[in-house]
Amino acid sequence: DAGVIQSPRHEVTEMGQEVTLRCKPISGHDYLFWYRQTMMRGLELLIYFNNNVPIDDSGMPEDRFSAKMPNASFSTLKIQPSEPRDSAVYFCASSLTSGRSDEQFFGPGTRLTVL
Amino acid sequence: QKEVEQDPGPLSVPEGAIVSLNCTYSNSAFQYFMWYRQYSRKGPELLMYTYSSGNKEDGRFTAQVDKSSKYISLFIRDSQPSDSATYLCAMAMVSNYQLIWGAGTKLIIKP
(Lines give C-alpha, C1' and ligand atoms only; values in the text may rest on other atoms or scores of the structure.)
Protein backbone atom coordinates (compact mmCIF):
# COMPACT_ATOMS: atom_id res chain seq x y z
CA ASP A 1 0.00 0.00 0.00
CA ALA A 2 1.24 3.51 -0.79
CA GLY A 3 0.20 4.86 2.57
CA VAL A 4 -1.82 8.02 3.08
CA ILE A 5 -1.51 10.31 0.10
CA GLN A 6 -1.88 14.07 0.32
CA SER A 7 -1.84 16.74 -2.33
CA PRO A 8 -0.52 19.23 -2.94
CA ARG A 9 2.66 18.92 -0.89
CA HIS A 10 3.19 22.66 -0.92
CA GLU A 11 0.72 25.46 -1.48
CA VAL A 12 1.44 29.16 -1.58
CA THR A 13 -1.54 31.44 -1.97
CA GLU A 14 -2.62 34.97 -1.29
CA MET A 15 -4.93 36.08 1.45
CA GLY A 16 -8.55 35.76 0.46
CA GLN A 17 -8.05 32.89 -1.97
CA GLU A 18 -9.72 29.53 -1.63
CA VAL A 19 -7.48 26.61 -0.73
CA THR A 20 -8.37 22.94 -1.15
CA LEU A 21 -6.28 20.19 0.39
CA ARG A 22 -6.78 16.59 -0.64
CA CYS A 23 -6.28 13.25 1.05
CA LYS A 24 -6.51 9.60 0.07
CA PRO A 25 -6.51 7.35 3.15
CA ILE A 26 -5.11 3.83 3.32
CA SER A 27 -7.53 1.41 1.71
CA GLY A 28 -9.74 -0.31 4.27
CA HIS A 29 -9.24 2.27 7.01
CA ASP A 30 -12.46 3.44 8.62
CA TYR A 31 -11.27 6.61 10.29
CA LEU A 32 -9.84 9.73 8.72
CA PHE A 33 -8.38 12.64 10.64
CA TRP A 34 -7.35 16.15 9.60
CA TYR A 35 -4.69 17.85 11.71
CA ARG A 36 -2.93 21.19 11.63
CA GLN A 37 0.61 21.62 12.98
CA THR A 38 2.33 24.88 13.86
CA MET A 39 5.31 25.71 16.03
CA MET A 40 3.14 27.70 18.39
CA ARG A 41 0.23 25.31 18.84
CA GLY A 42 1.70 21.92 17.97
CA LEU A 43 -0.52 19.24 16.43
CA GLU A 44 -4.21 20.10 16.54
CA LEU A 45 -7.07 17.85 15.50
CA LEU A 46 -9.44 19.72 13.22
CA ILE A 47 -12.03 17.08 12.34
CA TYR A 48 -12.38 13.34 12.00
CA PHE A 49 -14.62 11.02 10.02
CA ASN A 50 -15.81 7.48 10.61
CA ASN A 51 -17.08 5.63 7.56
CA ASN A 52 -17.22 8.93 5.65
CA VAL A 53 -19.39 10.61 8.31
CA PRO A 54 -18.00 13.60 10.26
CA ILE A 55 -17.91 12.66 13.94
CA ASP A 56 -16.28 15.62 15.64
CA ASP A 57 -15.53 18.95 14.02
CA SER A 58 -15.06 20.91 17.23
CA GLY A 59 -11.44 21.57 16.28
CA MET A 60 -12.32 23.43 13.10
CA PRO A 61 -11.23 26.95 13.94
CA GLU A 62 -13.80 28.94 12.02
CA ASP A 63 -16.56 28.73 9.47
CA ARG A 64 -13.93 29.43 6.85
CA PHE A 65 -12.85 25.82 7.26
CA SER A 66 -14.89 22.93 5.87
CA ALA A 67 -14.16 19.27 5.25
CA LYS A 68 -15.87 16.59 3.23
CA MET A 69 -15.47 12.90 2.66
CA PRO A 70 -17.63 11.94 -0.33
CA ASN A 71 -16.35 8.36 -0.35
CA ALA A 72 -14.05 6.01 1.52
CA SER A 73 -11.02 6.88 -0.59
CA PHE A 74 -11.09 10.66 -0.71
CA SER A 75 -11.40 13.66 1.58
CA THR A 76 -10.93 17.39 1.18
CA LEU A 77 -10.23 20.22 3.57
CA LYS A 78 -11.19 23.62 2.24
CA ILE A 79 -10.33 27.07 3.54
CA GLN A 80 -12.32 29.96 2.10
CA PRO A 81 -11.22 32.72 2.36
CA SER A 82 -7.67 31.95 3.49
CA GLU A 83 -5.79 34.18 5.92
CA PRO A 84 -2.06 34.44 6.80
CA ARG A 85 -2.72 32.84 10.21
CA ASP A 86 -3.84 29.68 8.42
CA SER A 87 -0.22 29.08 7.38
CA ALA A 88 0.72 25.69 8.78
CA VAL A 89 1.36 22.09 7.84
CA TYR A 90 -1.87 20.17 7.39
CA PHE A 91 -1.79 16.42 7.93
CA CYS A 92 -4.28 13.77 7.04
CA ALA A 93 -4.20 10.48 8.94
CA SER A 94 -6.22 7.28 8.81
CA SER A 95 -6.74 4.30 11.09
CA LEU A 96 -8.61 1.02 11.37
CA THR A 97 -11.67 0.31 13.50
CA SER A 98 -10.43 -3.08 14.52
CA GLY A 99 -7.08 -3.64 16.10
CA ARG A 100 -5.28 -0.79 17.77
CA SER A 101 -7.50 2.23 17.43
CA ASP A 102 -4.65 4.41 18.50
CA GLU A 103 -2.37 3.75 15.55
CA GLN A 104 -2.92 6.54 13.12
CA PHE A 105 -1.03 6.54 9.87
CA PHE A 106 -0.07 9.99 8.70
CA GLY A 107 0.41 11.37 5.25
CA PRO A 108 3.40 13.54 4.36
CA GLY A 109 1.45 16.74 4.96
CA THR A 110 0.65 19.84 2.94
CA ARG A 111 2.71 22.90 3.79
CA LEU A 112 0.41 25.89 3.34
CA THR A 113 1.68 29.44 3.15
CA VAL A 114 -0.84 32.26 2.93
CA LEU A 115 0.72 35.59 1.99
CA GLN B 1 -3.57 23.82 31.87
CA LYS B 2 -3.18 21.46 28.93
CA GLU B 3 -4.32 17.88 29.29
CA VAL B 4 -0.89 16.68 28.19
CA GLU B 5 2.31 18.53 29.01
CA GLN B 6 5.57 17.93 27.17
CA ASP B 7 8.75 19.98 27.17
CA PRO B 8 9.39 21.13 23.59
CA GLY B 9 13.18 21.17 24.06
CA PRO B 10 15.36 21.08 22.08
CA LEU B 11 17.23 18.35 23.88
CA SER B 12 20.78 17.88 22.61
CA VAL B 13 22.87 14.89 23.68
CA PRO B 14 26.02 13.17 22.39
CA GLU B 15 25.82 9.98 20.38
CA GLY B 16 25.64 6.89 22.56
CA ALA B 17 23.94 8.64 25.48
CA ILE B 18 20.75 7.45 27.13
CA VAL B 19 17.88 9.77 26.35
CA SER B 20 14.84 10.30 28.55
CA LEU B 21 11.73 11.98 27.14
CA ASN B 22 8.72 12.64 29.33
CA CYS B 23 5.07 13.68 29.37
CA THR B 24 2.67 14.37 32.18
CA TYR B 25 -1.10 14.31 31.92
CA SER B 26 -4.06 15.34 34.02
CA ASN B 27 -6.91 13.11 32.83
CA SER B 28 -7.00 9.79 34.69
CA ALA B 29 -9.33 8.40 32.00
CA PHE B 30 -6.41 8.01 29.60
CA GLN B 31 -5.72 4.32 29.15
CA TYR B 32 -3.64 4.14 25.97
CA PHE B 33 -0.26 5.79 25.67
CA MET B 34 1.78 6.22 22.56
CA TRP B 35 5.01 7.71 21.35
CA TYR B 36 5.23 8.99 17.81
CA ARG B 37 8.42 10.02 16.05
CA GLN B 38 8.40 12.80 13.49
CA TYR B 39 11.34 13.48 11.23
CA SER B 40 11.73 16.91 9.71
CA ARG B 41 9.17 17.59 6.98
CA LYS B 42 7.49 14.21 7.49
CA GLY B 43 4.32 13.05 9.19
CA PRO B 44 4.45 11.44 12.65
CA GLU B 45 4.83 7.66 12.80
CA LEU B 46 3.98 5.35 15.68
CA LEU B 47 7.04 4.26 17.64
CA MET B 48 5.76 2.70 20.85
CA TYR B 49 2.35 1.82 22.26
CA THR B 50 1.30 0.68 25.71
CA TYR B 51 -1.87 0.51 27.75
CA SER B 52 -0.68 -0.54 31.18
CA SER B 53 1.58 0.78 33.86
CA GLY B 54 5.11 -0.51 33.76
CA ASN B 55 7.73 -0.86 31.07
CA LYS B 56 7.61 -2.00 27.48
CA GLU B 57 10.80 -2.59 25.57
CA ASP B 58 11.45 -2.66 21.83
CA GLY B 59 15.07 -2.78 20.83
CA ARG B 60 16.79 0.37 22.03
CA PHE B 61 13.48 1.94 23.05
CA THR B 62 11.66 1.54 26.36
CA ALA B 63 8.29 3.09 27.12
CA GLN B 64 7.37 3.55 30.76
CA VAL B 65 3.95 4.41 32.17
CA ASP B 66 3.20 5.41 35.74
CA LYS B 67 -0.56 5.90 35.98
CA SER B 68 -0.45 6.75 39.67
CA SER B 69 1.77 9.74 38.93
CA LYS B 70 0.20 10.44 35.52
CA TYR B 71 3.64 10.34 33.96
CA ILE B 72 5.02 8.59 30.91
CA SER B 73 8.56 8.30 29.62
CA LEU B 74 10.43 7.12 26.56
CA PHE B 75 14.01 5.98 26.99
CA ILE B 76 16.41 5.60 24.09
CA ARG B 77 19.59 3.62 24.73
CA ASP B 78 22.75 3.96 22.67
CA SER B 79 21.31 6.97 20.89
CA GLN B 80 22.22 7.46 17.24
CA PRO B 81 22.25 10.56 15.02
CA SER B 82 19.39 8.92 13.10
CA ASP B 83 17.28 9.23 16.27
CA SER B 84 17.30 13.00 15.82
CA ALA B 85 13.65 13.88 15.41
CA THR B 86 10.69 15.30 17.28
CA TYR B 87 9.05 12.85 19.67
CA LEU B 88 5.38 13.35 20.43
CA CYS B 89 3.47 11.60 23.17
CA ALA B 90 -0.22 10.88 22.58
CA MET B 91 -2.96 9.45 24.74
CA ALA B 92 -6.45 8.08 24.33
CA MET B 93 -9.36 6.93 26.41
CA VAL B 94 -11.01 3.55 26.01
CA SER B 95 -13.10 3.31 22.84
CA ASN B 96 -12.25 6.84 21.84
CA TYR B 97 -10.45 7.26 18.56
CA GLN B 98 -9.35 10.79 19.27
CA LEU B 99 -5.76 11.15 20.41
CA ILE B 100 -4.66 13.91 22.75
CA TRP B 101 -1.17 15.07 21.82
CA GLY B 102 1.78 16.54 23.63
CA ALA B 103 3.65 19.46 22.09
CA GLY B 104 6.56 17.24 21.01
CA THR B 105 10.20 17.31 22.14
CA LYS B 106 12.85 18.03 19.54
CA LEU B 107 15.79 15.66 20.08
CA ILE B 108 19.22 16.25 18.60
CA ILE B 109 21.88 13.53 18.76
CA LYS B 110 25.33 14.95 18.12
CA PRO B 111 27.84 12.64 16.38
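Labels below follow one simple rule: chain letters A, B, ... track the order of the sequence lines, proteins then strands, and each chain is numbered from 1. These values consider heavy atoms only, across backbone and side chains, with no hydrogens, waters or symmetry-generated copies.
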With a 4.5 angstrom heavy-atom cut-off, which part of Arg111(A) approaches chain B: side chain, backbone, both or neither? side chain

Given Met91(B), Gln6(B), Gln38(B), the one with more heavy-atom pairs under 4.5 angstrom with chain A than any other is Gln38(B)

Closest heavy-atom pair and its distance - Ser20(B), Leu11(B): O-CD2, 4.1 Å

Got a sec: does the CD of Gln80(A) have more than 12 other heavy atoms crowding it under 6.0 Å? yes

CA sep, side-chain torsions, deciding dist, call: Ile72(B), Phe30(B), side-chain contact (heavy atoms from CB on, under 4.5 Å): CA-CA 12 Å; Ile72(B) 68 170; Phe30(B) 289 139; over 6 Å; no

Determine whether the side chains of Tyr35(A) and Gln104(A) contain a donor N or O and an acceptor N or O closer than 3.5 Å. yes

Check this for me: does any side-chain nitrogen of one of Lys70(B) and Glu5(B) sit under 4.0 Å from a carboxylate oxygen of the other? no

With ring-ring contact (aromatic ring centres under 6.0 Å, His included) as the test, pick out the partner of Trp101(B) among Phe33(A), Phe106(A), Phe91(A). Phe106(A)

Would you mind listing every disulfide (SG to SG under 2.5 Å) that reaches into residues 16-72 of chain B, with sequence neighbours excluded? Cys23(B)-Cys89(B)

Could you tell me which residues in residues 63-75 of chain A have at least one non-hydrogen atom under 4.5 Å from a non-hydrogen atom of chain B, sorted by residue number? none

Which region of Glu44(A), side chain (C-beta onward) or backbone (N, CA, C, O), has a non-hydrogen atom less than 4.5 Å from a non-hydrogen atom of chain B, or is it both or neither? neither

Between Pro8(B), Gly43(B), Gly102(B), Ala90(B), which residue shows the highest count of heavy-atom pairs closer than 4.5 Å to chain A? Gly43(B)

Lys106(B), NZ atom: more than 12 neighbouring heavy atoms under 6.0 Å: no

